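Structure first, commentary second.
Below, read A as the first sequence line, B as the second, and so on, with proteins coming before strands; counting in each chain starts at 1. Note that these values count all heavy atoms, side chains included, but never hydrogens, waters or copies made by symmetry. None of these values were measured; they are calculated from a predicted model.
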There are 2 protein chains.
Amino acid sequence: MSITAERRIREKEAMRTNILTTAWHIVKEEGWQSLSIRKIADAIQYSVPVIYDYFENKEAILLEFGKQGFERVIAELKAAKASSSDPAEQLKAIADAYWAFAFANKEYYQLMWGMSAPSCEMDKCMPERSVFRDLVMASIIEIIEKANPGDAENNACLKYHTFWSILHGLISIKMVAPADDTEQLNKLVLDDAITGFIKNLKS
Amino acid sequence: MSITAERRIREKEAMRTNILTTAWHIVKEEGWQSLSIRKIADAIQYSVPVIYDYFENKEAILLEFGKQGFERVIAELKAAKASSSDPAEQLKAIADAYWAFAFANKEYYQLMWGMSAPSCEMDKCMPERSVFRDLVMASIIEIIEKANPGDAENNACLKYHTFWSILHGLISIKMVAPADDTEQLNKLVLDDAITGFIKNLKS
DNA sequence: TACTTTTGCTAACACTGTTAGGTAAAGGAA
DNA sequence: TTCCTTTACCTAACAGTGTTAGCAAAAGTA
């Protein structure tokens, strides 16, 4: 490969990330609803069709952000799990990390869980979501089984589903209808549930 | 009021409901994303601006459906509560009714909880959602307190939040990423939680 | 009959996502 | 350097979207 070809690949990559970061700025300031190809083109000072040299269509851009979101939250959940070896602490850390991610990056969360604009088609094009689910499920079930070694396998599965639906439920309720006085209450709900999952702990 | 004026009011009302039912058909067949004023106008065989004589804008139409959705689900939850006097049965009936409503009317549920197209602005224009929340909260807390007369008031509130976040969490997870093998598991999660809320029952 | 209100339309504006087709620059080969 | 091909980029357009201005015809009222 010639020297110029390398530079051109580099430039192409730079343009791609330029488009993405510019789009992200727009979304952060105006929300998913008002992200448009023309706004991106204006912001990067190129004409509209240039965008289509780097992304097949608008959905491809959204998909890229969806991927990013899942990658980031997976990383943070792994870190949270690794922050302790005590099952209850691990579950609390995971809940905290997921909660923090959701509200520090509402745009990601909205996109990932279909709470933004054109997310109906997101389903098929989002293997990341399935990967995320399986990963989280396995990880949490492992924690719960470690804490309750005598339990049947079904039981851990049940507790995982309960844990995860509480977490996701609290977050998505708060995200769609924010009420300011439920902060402590929500923490309490989670803590209560977690200690419930662990109360058969051997030690 | 003259006789013709009565008829004209009646006709105006008929046109309004015609617009709404036509829009509902479109949504049922093609989803929220592809509901447009022009499609409605085509379907009712009128020109586009006629729609604006009956609704201020598109959002007003969506809002009307949102209102409808909340009214219906409130009615069904009331019926569910009235179907028994045993607290555990009441909670189960409520969970069942809410679950059934969500999946029998996905379009309503998506609109009501911001899982469709232009729902970001829905917040301000949706007192129905607050009314619904307060009503359900009071109703469920009453059931839980009846079952656990010795408990502190806080405890019932906690249990309500847990119950509702599990219910909403399970539903919205299943709605955005449908997995077919979780039907029984989800029921089990709910039943388990409910018996947990009631286990201090006096009788 | 004359006047007013309502009803409904055509046409347009300002946006969307997307693409066809052309131009000029850049890269590689002789 | 010259020729050719590829890439980069643009203008202009198409088919949609929500929304509105302005006009013609019908209906109601006096």
Handout entry: B:W32 side chain to B:E107 backbone, donor-acceptor under 3.5 Å
Key = yes

Handout entry: Side chains of A:F101 and A:L77 in contact at under 4.5 Å (non-hydrogen atoms)
Key = no

Handout entry: Sugar-phosphate only, base, or nothing, as touched by A:L35 at under 4.0 Å among non-hydrogen atoms
Key = sugar-phosphate

Problem - N/O (side chain, A:Y52) to phosphate O (OP1/OP2, D:dC10) under 4.0 Å - result: no

Practice task
For B:E56 and D:dG18, give me the distance from atom CD to atom P, rounded to whole Å.
Solution key: 15 Å

Handout entry: Between C:dT18 (C1') and A:I51 (CD1): distance, integer Å
Key = 12 Å

Practice task
Using atom CD1 of B:I26 as one end and atom P of D:dT17 as the other, report the distance to the nearest whole Å.
Solution key: 10 Å

Problem - B:K39 vs A:Y46, nearer the 5' end of DNA chain D by closest nucleotide - result: A:Y46

Exercise for the section: Rounded off to whole Å, could you give me the CZ-to-C1' distance for the A:R8 and C:dA25 pair? Expected result: 11 Å

Problem - Proximal nucleotide (of C:dA11, C:dT18, C:dG8) relative to the B:V50 side chain - result: C:dG8

Exercise for the section: Could you check which of C:dT6, D:dA8, C:dG17 has an atom nearest any side-chain atom of A:I37? Expected result: C:dG17

Handout entry: Rounded distance in Å - CD1 (A:I44) to P (D:dC9)
Key = 9 Å

Problem - Touch class at under 4.0 angstrom, heavy-atom based, for B:Y54 against every strand present - result: sugar-phosphate

Exercise for the section: Take the protein atom NZ of A:K58 and the nucleotide atom P of D:dG16, then report the distance between them rounded to whole Å. Expected result: 18 Å

Exercise for the section: Can you figure out which of C:dT18, D:dG18, D:dC10 approaches the side chain of B:S36 most closely? Expected result: D:dG18

Problem - Contact under 4.0 Å: A:S47 side-chain N or O vs D:dC9 OP1/OP2 - result: no

Practice task
Using a strict cut-off of less than 4.0 Å between a Lys/Arg side-chain nitrogen and an Asp/Glu carboxylate oxygen, indicate whether A:K39 and A:E29 qualify as a salt bridge.
Solution key: no

Handout entry: Salt-bridge criterion met for A:K159 and B:D192 (N-O under 4.0 Å)
Key = no

Practice task
Let me know the distance between CG of B:D42 and P of D:dG18, rounded to the nearest Å.
Solution key: 12 Å

Exercise for the section: Please determine, for the side chain of A:V48, which listed nucleotide (C:dC9, C:dT18, C:dA20) has the closest atom? Expected result: C:dT18

Exercise for the section: Please state how far atom NZ in B:K12 lies from atom C1' in C:dT5, giving the value in whole angstrom units. Expected result: 11 Å

Problem - Check: B:W24 ring centroid to B:Y108 ring centroid under 6.0 Å - result: yes

Handout entry: Presence of donor-acceptor pair under 3.5 Å, side chain of B:R38 and base of D:dG18
Key = yes

